[in-house]
Amino acid sequence: MNKLHDWPEPVIRVQSLSESGLKSIPERYIKPATDRPSLNVEEDPSNMDVNIPIIDLTGLSEDGNNLPQSTMDQISLACREWGFFQVVNHGVCPGFMDQVRETWRSFFHLPMEMKQAYANSPKTYEGYGSRLGIEKGAILDWSDYYYLHYLPLTLKDYNKWPAPPDSCREVIDEYGKELVKLGGRIMKVLSISLGLKEDRLQNAFGGDNFGACLRVNFYPKCPQPELALGLSSHSDPGGLTLLLTDHQVPGLQVRKDDKWITVKPAPHAFIVNIGDQIQVLSNANYKSVEHRVIVNSDMERLSLGFFYNPKSDIPIQPMEELVSTDKPVLYSPMTFDEYRLFIRLRGPKGKSQIESLHSPR
């Protein structure tokens, strides 16, 4: 594991590059022509009015699921066809969502030496970072980030959380509690929509011993956004992602039918997406979907990705209720720890990791 102890090259903060006033981006950030946003199809006029489904969760509470069948059907369809949906009326206070986002924005606007006190390493990724993967000479993404653990409690370390700005740690902690609750409610709905008992999916994650972590992404202004990506195409390696986006600035794109669709966030919605682990557990009834982030030259962008994950050391494999002679086992068992090592070494690479898990037949 020594190869994970340090970055292969000196770390450059993208925010520092952006604020230096440079007119062209360094070569390290220029994507191959096939990956650049300007050469792809998101500018197709037929995509302009397309958006991921927006689902109203009124009726879903900690006390029970009183969602109408039509809403359950919407969720099932979204998970099968998109792998993404937005939720509104989800039970998290809109004012608190704004507070959390702006607290993190304040952190990224602190003086660099204050942020550097939390600089991360590839061993755990916890802290303030600027790259994913440790391939020497890799083409990098136009973003900085902060990564931290909520669960299991053995990994939760307040000392690795930013202390400034004021009350930052308290806000981060409260946000984690709220999203753990929301994630648990959505897990029950996904389980029922797969035709399973409501606690089946959660139990496959390890019951109460699941994991939860947060990555806050900061996308500075980019002088040549047509050449770069804020985050390269990937599917999320974990279980379920709850994303709080910048309500002013779009940037997230989802691949649908080989086209890139720019997500239009609804006010105070969370964007929910299926991760690779649920694709495996559902035997590909529900699919994780490639997505990426584009940047722009006029405005910075901030987003908070909350990852609700299986316990790291239990084998994840298709649930037996979703395996039949017509739908045999599609994936070999692998723990989440083994699985995410791939991303920590190689960085985001489309859907190549989950495809490599296919069982030989």
For this session: Decide whether E290 and S235 meet the rule of one side-chain donor and one side-chain acceptor closer than 3.5 Å.
Result: no
Exercise. Within the side chain of S106, is there an N or O that forms a donor-acceptor pair under 3.5 Å with the backbone of E102?
Worked result: yes
Exercise. Strictly by modelled atom types, are D276 and S288 linked by a side-chain donor-acceptor pair under 3.5 Å?
Worked result: yes
Exercise. Listed by chain and number, what are the salt bridge (charged side-chain N to carboxylate O under 4.0 Å, His left out) partners of D337, not counting sequence neighbours?
Worked result: R340
Seminar exercise, completed: By ring-ring contact (aromatic ring centres under 6.0 Å, His included), F85 pairs with (sequence neighbours left out) none
Exercise. Is the side chain of Q224 donor-acceptor paired with the backbone N or O of I25 at a distance under 3.5 Å, no angle test?
Worked result: yes
Exercise. Run the salt bridge (Lys or Arg N to Asp or Glu O under 4.0 Å) check on R292 and D35 step by step: do they pass?
Worked result: CA-CA 10 Å; R292 68 182 188 183; D35 295 342; over 6 Å; no
Exercise. Should L179 and L155 be regarded as members of a common hydrophobic cluster, given that ILVMFWY residues are connected when their side-chain heavy atoms come within less than 4.5 Å of each other, either directly or indirectly?
Worked result: no
Exercise. When you look at E226 and R36, which way does the salt bridge (Lys or Arg N to Asp or Glu O under 4.0 Å) test go after all the steps?
Worked result: CA-CA 6 Å; E226 71 282 0; R36 293 178 199 166; over 6 Å; no
Problem set entry | Validation row: L229, P37 side chains within 4.5 angstrom (heavy atoms) | yes
For this session: Looking only at non-hydrogen atoms, find the nearest pair between G238 and N309 and report the distance.
Result: CA-OD1, 3.2 Å
For this session: Tell me yes or no: between the side chains of Y147 and N120, is some donor less than 3.5 Å from an acceptor?
Result: no
For this session: Taking atom types as modelled, find out whether S143 and N217 have a side-chain donor-acceptor pair closer than 3.5 angstrom.
Result: no
Exercise. After noting the C-alpha distance and the side-chain angles of F306 and F270, does the key distance pass the side-chain contact (heavy atoms from CB on, under 4.5 Å) rule?
Worked result: CA-CA 10 Å; F306 180 89; F270 283 104; over 6 Å; no
Problem set entry | S282 backbone acceptor or donor facing N285 side chain under 3.5 Å | yes
For this session: Indicate yes or no: at least one non-hydrogen side-chain atom of L60 is less than 4.5 angstrom from one of N66.
Result: no
Exercise. In terms of heavy-atom contacts, does CG of D73 have more than 12 from other residues, nucleotides or ligands at under 6.0 Å?
Worked result: yes
Exercise. With a 4.5 Å limit on heavy-atom distance, are the side chains of K264 and P250 in contact?
Worked result: no
Seminar exercise, completed: Those residues at least two apart in sequence (or on a different chain) that pass salt bridge (charged side-chain N to carboxylate O under 4.0 Å, His left out) with R101 are D98
Exercise. Counting N and O atoms only, with roles assigned by atom type, does the side chain of N283 sit under 3.5 Å from a partner on the main chain of P328, one being a donor and the other an acceptor?
Worked result: yes
Seminar exercise, completed: For V88, the other hydrophobic cluster members (4.5 Å side-chain criterion, sorted by chain and number) are I54
Exercise. Is it true that V254 and V50 fall in one hydrophobic cluster, defined by side-chain heavy atoms closer than 4.5 Å?
Worked result: yes
Problem set entry | Reported CG-to-CG distance for the pair D246 and L252, which is rounded to 0.5 angstrom | 12.5 Å
Exercise. Going hydrophobic residue to hydrophobic residue with side-chain gaps under 4.5 angstrom, can you get from F307 over to I314?
Worked result: no
Exercise. Please walk me through it: do N65 and K188 pass side-chain contact (heavy atoms from CB on, under 4.5 Å)?
Worked result: CA-CA 8 Å; N65 171 20; K188 288 180 180 177; over 6 Å; no
For this session: Applying ring-ring contact (aromatic ring centres under 6.0 Å, His included), name anything that partners Y145, two or more places apart in sequence or on another chain.
Result: none
Problem set entry | Partner of I55 by side chain to side chain contact (heavy atoms under 4.5 Å, CB included), out of Q86, M72, H90, Q74 | Q74
For this session: Could you list the residues that satisfy ring-ring contact (aromatic ring centres under 6.0 Å, His included) with W142, not counting sequence neighbours?
Result: Y29
Problem set entry | Identified side chain to side chain donor-acceptor pair (under 3.5 Å) partner of E300 from the options Q248, H109, K221 | H109
For this session: Please name all residues satisfying salt bridge (charged side-chain N to carboxylate O under 4.0 Å, His left out) with K156, sequence neighbours left out, ordered by chain then number.
Result: D173
Exercise. Can you name the nearest heavy-atom pair linking P162 to W104, along with the distance?
Worked result: CG-CH2, 3.7 Å
For this session: Kindly determine whether R301 and F218 satisfy side-chain contact (heavy atoms from CB on, under 4.5 Å), including the steps that lead there.
Result: CA-CA 6 Å; R301 183 172 173 272; F218 184 77; over 6 Å; no
For this session: Output all residues satisfying side chain to side chain donor-acceptor pair (under 3.5 Å) with E126, sequence neighbours left out; order by chain, then residue number.
Result: T124, K160
Exercise. Does the pair Q99 and Y175 meet the rule for a side chain to side chain donor-acceptor pair (under 3.5 Å), with working shown?
Worked result: CA-CA 10 Å; Q99 181 189 3; Y175 187 70; over 6 Å; no
Exercise. Counting N and O atoms only, with roles assigned by atom type, does the side chain of D157 sit under 3.5 Å from a partner on the main chain of N159, one being a donor and the other an acceptor?
Worked result: yes
Problem set entry | Polar side-chain atom of N273 near backbone of F84 as donor-acceptor pair, under 3.5 Å | no
Hey, can you pull the donor-acceptor pairs under 3.5 Å for the side chains in residues 76-83, sequence neighbours left out?
{"from": "S76", "atom 1": "OG", "to": "R80", "atom 2": "NE", "distance (Å)": "3.0"}

Problem set entry | Side-chain heavy atoms of Y125 within contact of L132, under 4.5 Å | yes
Problem set entry | Distance-only side-chain donor-acceptor flag, Y308 / Q277, under 3.5 Å | no
For this session: State which residues pass side-chain contact (heavy atoms from CB on, under 4.5 Å) with S324; sequence neighbours excluded, sorted by chain then number.
Result: D326, K327
For this session: Say whether, by atom type as modelled, one donor and one acceptor occur between the side chain of H291 and the main chain of H234 under 3.5 angstrom.
Result: yes
Problem set entry | Distance, nearest 0.5 Å, that separates OG1 of T335 from NZ of K311 | 10.0 Å
Exercise. Same cluster for L240 and L151 if Ile/Leu/Val/Met/Phe/Trp/Tyr side chains link at under 4.5 Å?
Worked result: yes
Exercise. Is a side-chain donor or acceptor of S18 paired with a backbone partner of Q15 at a separation under 3.5 angstrom?
Worked result: no
Exercise. Does a donor on one side chain and an acceptor on the other come within less than 3.5 Å for S130 and D144?
Worked result: yes
For this session: Report the residues that fulfil salt bridge (charged side-chain N to carboxylate O under 4.0 Å, His left out) with R185, sequence neighbours left out, ordered by chain and then residue number.
Result: none
Exercise. When you measure from the side chain of S191 to the backbone N and O of M187, does any donor-acceptor pair fall under 3.5 Å?
Worked result: no
Problem set entry | Validation row, ring centre H268 to ring centre F96 under 6.0 Å | no
Exercise. Do you know which of Y146, Y150, Y118 makes ring pair (Phe, Tyr, Trp, His ring centres under 6.0 Å) with W161?
Worked result: Y150
For this session: Find out whether L304 and V100 are in side-chain contact, i.e. whether some heavy atom of one side chain is under 4.5 Å from a heavy atom of the other.
Result: yes
For this session: May I ask you to list the residues sharing a hydrophobic cluster with V249, side-chain cutoff 4.5 Å, ordered by chain and number?
Result: M299
For this session: Spell out, as yes or no, whether a donor-acceptor pair under 3.5 Å connects the side chain of H247 to the backbone of T245.
Result: no
Exercise. Step by step, would you call Y286 with L194 a side-chain contact (heavy atoms from CB on, under 4.5 Å)?
Worked result: CA-CA 9 Å; Y286 289 176; L194 282 164; 3.6 Å; yes
